[in-house]
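Before any comments, here is the structure.
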Amino acid sequence: MNFTLLITVLVTALTLVVAAYVIAKLIGPRSYAKVKGEPYESGIPTRGSSWLPVSVGFYLFAILFLMFDIETVFLYPWAVVVKEFGSAALLSIGFFLVVLVLGLAYAWRKGDLEWK
């Protein structure tokens, strides 16, 4: 097997990354102040620690959103080739949508879509 193309792509990628880093270090501003490292939000200085615990509900909601969003993206390639595959494609996407709806129903029944 010829790995010339793979090696060329890897060397090019590595060269571009190193070049971007070096150029940024050479021409970038060099003002290091203590204020730059402090947390800042909406022009109001923070009081107390910025590392506050976040509710698991936010993570769960984000994961569910990503899951259903990505599954919806999978519908586009199917829609492009559905005529070529005929009833087999229809059956497979039907199964896919049934699993998707069952997952949504499970999350809904469990109460994971409620803001508490």
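Residues passing the side chain to side chain contact (heavy atoms under 4.5 Å, CB included) test with Leu6, sequence neighbours excluded: Phe3, Leu10. By the side chain to side chain contact (heavy atoms under 4.5 Å, CB included) test, Leu14 is found to be paired with Val18, residues two or more places apart in sequence or in another chain being considered.
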Please tabulate, for side-chain N and O atoms in residues 90-108, each donor-acceptor pair with protein atoms closer than 3.5 Å (sequence neighbours left out).
residue: Ser92; atom: OG; partner: Ala88; partner atom: O; Å: 3.3
residue: Ser92; atom: OG; partner: Ala89; partner atom: O; Å: 2.9

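Within the structure, side chain to side chain donor-acceptor pair (under 3.5 Å) contacts touching residues 3-25 (residues at least two apart or in different chains) are Asn2-Thr4. A ring pair (Phe, Tyr, Trp, His ring centres under 6.0 Å) check over residues 56-81, counting only residues at least two apart or in different chains, returns the pairs Phe58-Trp115, Phe61-Trp115.
Going from atom NZ of Lys110 over to atom CG of Leu60 covers 7.0 Å, rounded to the nearest 0.5 Å.
Using a 4.5 Å cut-off between side-chain heavy atoms of Ile, Leu, Val, Met, Phe, Trp and Tyr, Leu5 falls into a hydrophobic cluster with Val9.
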